[in-house]
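All values derive from a computational prediction rather than experimental measurement.
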Amino acid sequence: MPTFLISAIGSYGDVHPMVGLAAALVGGGHAVKVITNPYFADLVEEVGVELLPIGTREQYIELTQHPDLWHPRRGVKLVLTHAAGGHLRTIYELVTANYVPGETVLCAHALDLGSRVAAEKLRAPLAAVDFAP
């Protein structure tokens, strides 16, 4: 039975659905690890999966309070620089350290570039998870 590495980058609106996916997979008997900021540790631990941390709680809080976050142009740059680009290496390293060939499936959040690079390098199966209302 495969093990899943799920990335959850962003706010509660991003993390909740990915943790919901983790809970569903655990309910199906799968082992799951979630890559996210420790700010969401309680949410991740509540569904009984392991947290693989990116950044710190303080960094997450600082980003959510940044004055450019909701600016129509600067906000996008801020999110892509800090969330997507800023965690690329960390996520890549977490994925490569936790990947077991033939057993691990990657589930990558839209802002997760690290899992995509790791999947190419490792020739790992990857499901891109994009939200649609």
Side-chain angles (χ1 to χ4, degrees):
M1 194 167 289
T3 297
F4 290 85
L5 289 179
I6 299 175
S7 62
I9 301 171
S11 66
Y12 275 106
D14 299 288
V15 176
H16 267 282
M18 300 304 274
V19 172
L21 174 60
L25 289 166
V26 167
H30 296 281
V32 180
K33 297 178 183 181
V34 174
I35 301 168
T36 194
N37 187 281
Y39 185 85
F40 303 103
D42 291 345
L43 182 64
V44 171
E45 291 165 3
E46 187 176 297
V47 299
V49 299
E50 182 180 347
L51 170 74
L52 300 176
I54 52 173
T56 65
R57 289 178 55 86
E58 294 74 20
Q59 288 170 327
Y60 175 80
I61 292 167
E62 182 179 322
L63 182 60
T64 63
Q65 295 174 352
H66 196 286
D68 288 346
L69 185 60
W70 297 108
H71 187 275
R73 288 185 305 278
R74 292 190 301 262
V76 173
K77 181 180 178 184
L78 182 71
V79 169
L80 292 176
T81 300
H82 287 83
H87 294 303
L88 192 153
R89 180 177 301 277
T90 302
I91 293 173
Y92 174 86
E93 290 171 353
L94 286 169
V95 169
T96 57
N98 287 275
Y99 178 73
V100 178
E103 294 180 21
T104 306
V105 176
L106 309 177
C107 297
H109 181 275
L111 293 174
D112 174 6
L113 303 176
S115 288
R116 286 169 172 78
V117 174
E120 290 289 324
K121 170 84 172 162
L122 301 167
R123 298 180 182 214
L126 180 136
V129 181
D130 297 306
F131 307 129

H109 side-chain N/O to I9 backbone N/O, donor-acceptor pair under 3.5 Å: yes
I54 side chain reached by I91 side chain, heavy atoms, under 4.5 Å: yes
Heavy-atom nearest pair, Y99 first then L5, reads N-CD1, 4.5 Å
Describe, in one word, how the ring planes of H66 and H82 are oriented to each other, choosing from parallel (under 30°), tilted (30 to 60°) and perpendicular (over 60°). tilted
Do F4 and V34 touch side chain to side chain, with heavy atoms closer than 4.5 Å? no
Got L69 and V79 here, is their nearest side-chain heavy-atom distance under 4.5 Å? yes
What is the minimum heavy-atom distance between T104 and P125, and which atoms define it? O-CG, 3.4 Å
Could you tell me which non-hydrogen atom of G55 sits nearest to which non-hydrogen atom of N37, and how far apart they are? C-ND2, 3.9 Å
Using a 3.5 Å distance criterion without hydrogens, assess whether the side chain of R116 forms a donor-acceptor pair with backbone atoms of D112. yes
I'd like to know whether T36 forms a side chain to side chain contact (heavy atoms under 4.5 Å, CB included) with L51, so could you lay out the CA-CA distance, the side-chain angles of the two residues, the decisive distance to 0.1 Å, and finally the verdict. CA-CA 7 Å; T36 194; L51 170 74; 3.2 Å; yes
Scanning both residues in full, the closest heavy-atom pair of A108 with S115 reads CB-CB, 4.0 Å
Is any side-chain heavy atom of M18 closer than 4.5 Å to one of V129? yes
Just how far is it from atom CG of D68 to atom CZ of R74, taken to the nearest 0.5 Å? 4.5 Å
Flag the pair L52 / E50 as yes when at least one side-chain heavy-atom distance between them is below 4.5 Å, and no otherwise. yes
Please round to the nearest 0.5 Å and tell me the distance separating atom OG1 of T64 and atom OH of Y12. 10.5 Å
Examine distances only and state if a side-chain atom of Q59 and a backbone atom of T56 form a donor-acceptor pair shorter than 3.5 Å. yes
Between F40 and H16, is the ring centroid distance below 6.0 Å? no
Is the shortest side-chain heavy-atom distance between I35 and V95 below 4.5 Å? yes
Taking the side chain as C-beta and beyond, is there a heavy-atom pair between Y60 and P38 under 4.5 Å? no
Begin with the C-alpha distance, continue with both residues' side-chain angles, and end with the deciding distance and a verdict on side chain to side chain contact (heavy atoms under 4.5 Å, CB included) for V105 and T3. CA-CA 6 Å; V105 176; T3 297; over 6 Å; no
Look at the side-chain heavy atoms of Ile, Leu, Val, Met, Phe, Trp and Tyr, link any pair under 4.5 Å apart, and say whether V100 and L122 land in one connected group. no
In the single-linkage hydrophobic clustering (I, L, V, M, F, W, Y; side-chain heavy atoms under 4.5 Å), do L113 and I6 co-cluster? no
Nearest heavy-atom pair of A128 and L126: which atoms, and what distance? N-CD2, 3.8 Å
Side chains of V47 and V26: does their closest heavy-atom pair fall under 4.5 Å? no
I'd like to know whether L80 forms a side chain to side chain contact (heavy atoms under 4.5 Å, CB included) with L111, so could you lay out the CA-CA distance, the side-chain angles of the two residues, the decisive distance to 0.1 Å, and finally the verdict. CA-CA 8 Å; L80 292 176; L111 293 174; 4.0 Å; yes
If you measure from CD1 on I61 to OH on Y39, what distance do you get to the nearest 0.5 Å? 5.5 Å
What closest approach, in Å, do L94 and P53 show between heavy atoms, and which atom pair accounts for it? CD1-O, 3.5 Å
